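Structure first, then comments.
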Amino acid sequence: MQDIIKEYGPAMITVVVIGAMLILVSTLIGKDQNSIVGGAFSQLLTYFFTKNAL
C-alpha cells in the first residue's frame, strides 16, 4: 500500500484538486440566474441598460 501511495500519490492529489476546481467553477458560474456569477452578470446588464435608456 505504501508503494502505491508513493508512486501514485501526487497523481491522485492532482485528480482530486482538478475535480474540486471543476465543481467550484461550475457552482459559481452555473447555467442560469440562480448562480452567483450569473446573477451578478444579469444584474449588471440590467443596471447598465436601464441607466443608459437603451
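Predicted model only: the values in this text are computed from it and were never measured.
- For the atom pair Met12 CE and Ile4 CD1, the distance stands at 8.0 Å (nearest 0.5 Å).
- Within the model, atoms CD1 of Ile13 and CD1 of Ile18 stand 12.0 Å from one another, a figure rounded to the nearest 0.5 Å.
- The two atoms that bring Ser26 and Ile23 nearest to each other are OG-O, 3.0 Å, heavy atoms only.
- Hydrophobic clustering (side-chain heavy atoms under 4.5 Å, transitive across Ile, Leu, Val, Met, Phe, Trp, Tyr) groups Phe49 together with Phe41.
- Not a single donor-acceptor pair under 3.5 Å links the side chain of Ser42 to the backbone N or O of Gly39.
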